[in-house]
Amino acid sequence: MEALIDFDCIEDNCGKNIQFDLLTLQDDKGKISCTNCHKIYKFEQDFLNKLNKLRVLIVAVKDAEDILGDCNVSVVTPAGDVKIPYRLMLTRLNTLISLNLKGKKLDFNFRVEPLNNGLFK
């Protein structure tokens with residue numbers, strides 16, 4: 001299983017997309033680098049703790065996969081209640097974690113795709 005997160009490099013004249021696996025980030029001691037300009041990013045423990053909570057969430061969703069087909073989210077509309085299968089809803093939601101780094105807003109993109117053979121990106 002993978003939990004892929006990506007963001008755009010903030011180095012001037014780079015802007016390339018950097019992708020990393022949330023599940024192995026702790027093993028790498030919070031360090032990742034841009035494959036294009038080789039800028040090193042080292043995340044502080046507070047941010048790593050938040051990312052770890054996302055990792056726990058991913059594992060919990062994966063563990064609950066067998067019941068997701070039986071769960072729905074009900075949305076109230078003027079025409080009545082609409083039930084959206086929870087498993088389908090997870091494939092359509094995008095999660096962003098935004099940081100202010102050196103005066104630039106940095107969006108970490110995270111999307112759960114439980115229908116894609118255990119790949120979370």
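Heavy atoms only: backbone and side chains are in, while hydrogens, waters and symmetry mates are out.
For Glu44, the CD atom counts as loosely surrounded, since its 6.0 Å shell holds 12 or fewer non-hydrogen atoms of other residues, nucleotides or ligands. Other residues, nucleotides and ligands contribute only 12 or fewer heavy atoms inside 6.0 Å of the NZ atom of Lys50. Atom CG of Asn13 has 12 or fewer neighbouring heavy atoms from other residues, nucleotides or ligands inside a 6.0 Å radius.
Using bins of under 30°, 30° to 60° and over 60° for the plane-to-plane angle, the ring pair Phe43/Phe7 lands in the perpendicular bin.
Side chains of Lys39 and Ile10 form a contact here, defined as non-hydrogen atoms less than 4.5 Å apart. Residues Lys105 and Asp107 meet the side-chain proximity criterion, which asks for heavy atoms closer than 4.5 Å.
Here the CG-OG distance, from Asn109 to Ser98, works out to 8.5 Å after rounding to the nearest 0.5 Å. Taken from NZ in Lys16 to SG in Cys9, the straight-line distance is 10.5 Å, to the nearest 0.5 Å. Interatomic distance, CD1 of Ile84 versus CG of Asn72, reported as 9.0 Å (0.5 Å rounding).
The two residues Asp8 and Leu106 come nearest to each other via the heavy atoms O-CD1, 3.1 Å. The nearest pair of heavy atoms linking Ile40 to Ser33 is CD1-CB, 3.5 Å. The minimum heavy-atom distance between Asp66 and Asp70, with the atom names listed, is O-OD2, 4.5 Å.
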Practice problem: Mind running ring pair (Phe, Tyr, Trp, His ring centres under 6.0 Å) on Phe47 and Tyr41 for me, showing each step along the way? | Solution: CA-CA 12 Å; Phe47 184 65; Tyr41 290 86; over 10 Å; no
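No donor-acceptor distance shorter than 3.5 angstrom exists from the side chain of Lys29 to the backbone of Lys42, with no hydrogens or angles considered.
Applying the side-chain contact (heavy atoms from CB on, under 4.5 Å) test between Ile18 and each of Ile32, Thr35, Asp6 identifies Ile32 as the sole match.
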